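This one's a predicted model, so the numbers in the text were calculated from it and none came from an experiment. Remember, it's 1-based here, ligands and their atoms both numbered in the order they're listed.
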Amino acid sequence: MNNKKKACEYVGIKSFEYLLPAETSEDELLDLINRLNADDEVSGILCQLPLPAHLDEKIVINAIDPKKDVDAFHPVNVGRIMTGDYDFVPCTPAGVMELIKESGVDVSGKECVVVGRSNIVGKPMAMLLLHQNGTVTICHSKTKDLAEKTKNADIIVAAVGIPNFIKGDMIKPGAVVIDVGINRIAPKKLVGDVEFETAEKVAAAITPVPGGVGPMTIAMLMKNTVKAAIAQNR
Ligand code: GUN
């Protein structure tokens, strides 16, 4: 959240922060969202997840006006990603696509393996790769022989949340490896879902953690917010 606030300042977006206590009731949170929905000063609303256990994520996300849903988590925006008719792209998958594009990698016809099936990353990621004509496989904790799948991939997107899960010997030489994982293994040590030291020896291109996908996610959040502001203010 601090990096998101800093990015807003950097690009000239005014941000308002509401740091609510963990005991906040659903009604209180929904009241705040409704106030922000109605506030013309506010173009984008982001409710940082996860929420405390007594709050229902679905109810909270559904309360955000889809026009202000800069995370693209509302079912209306999720549905539009399925059909390919979307204004907001979820920030992390959008950042991954931008990295792929800027690196000159053409997704069309490529074997793409997404490891992880979360609503925030895995599922929308698969859709975006599919829209670019990738042949997409989604793998998850119940996938049998994961290495067989990843070794066949031209593009791997790792988003499982397990430190150093994908090792170099699971990667085809010359593959493009995007690491979405952010795992804290010590107070000051972040690692990804990919074991960088072994993977970088076989991959043609690979993103580091930290400093790879994370900053792109925030850049895409800024992009969605500017889009939302333009759409709401003509
Ligand atoms: N928690 C982890 N990633 C995200 C994100 O991109 N948006 C929100 N709102 N919460 C998150």
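Heavy atoms from other residues, nucleotides or ligands lying under 6.0 Å from CG of Asp145 number more than 12. Annotation: Ile182, atom CD1; neighbour count of heavy atoms from other residues, nucleotides and ligands within 6.0 Å does not exceed 12. Within 6.0 Å of NZ in Lys149 there are more than 12 heavy atoms belonging to other residues, nucleotides or ligands. Under a cut-off of 6.0 angstrom, the local environment of NZ in Lys67 is sparse, with at most 12 non-hydrogen atoms contributed by other residues, nucleotides or ligands.
Using a 4.0 Å heavy-atom criterion, the residues that approach ligand 1 are Lys4, Leu46, Cys47, Gln48, Leu49, Asp71, Phe73.
Side-chain contact, Gln48 with Lys4: a donor N or O sits under 3.5 Å from an acceptor N or O. No hydrogens or angles considered: a donor-acceptor pair under 3.5 Å links the side chains of Asp193 and Asn183.
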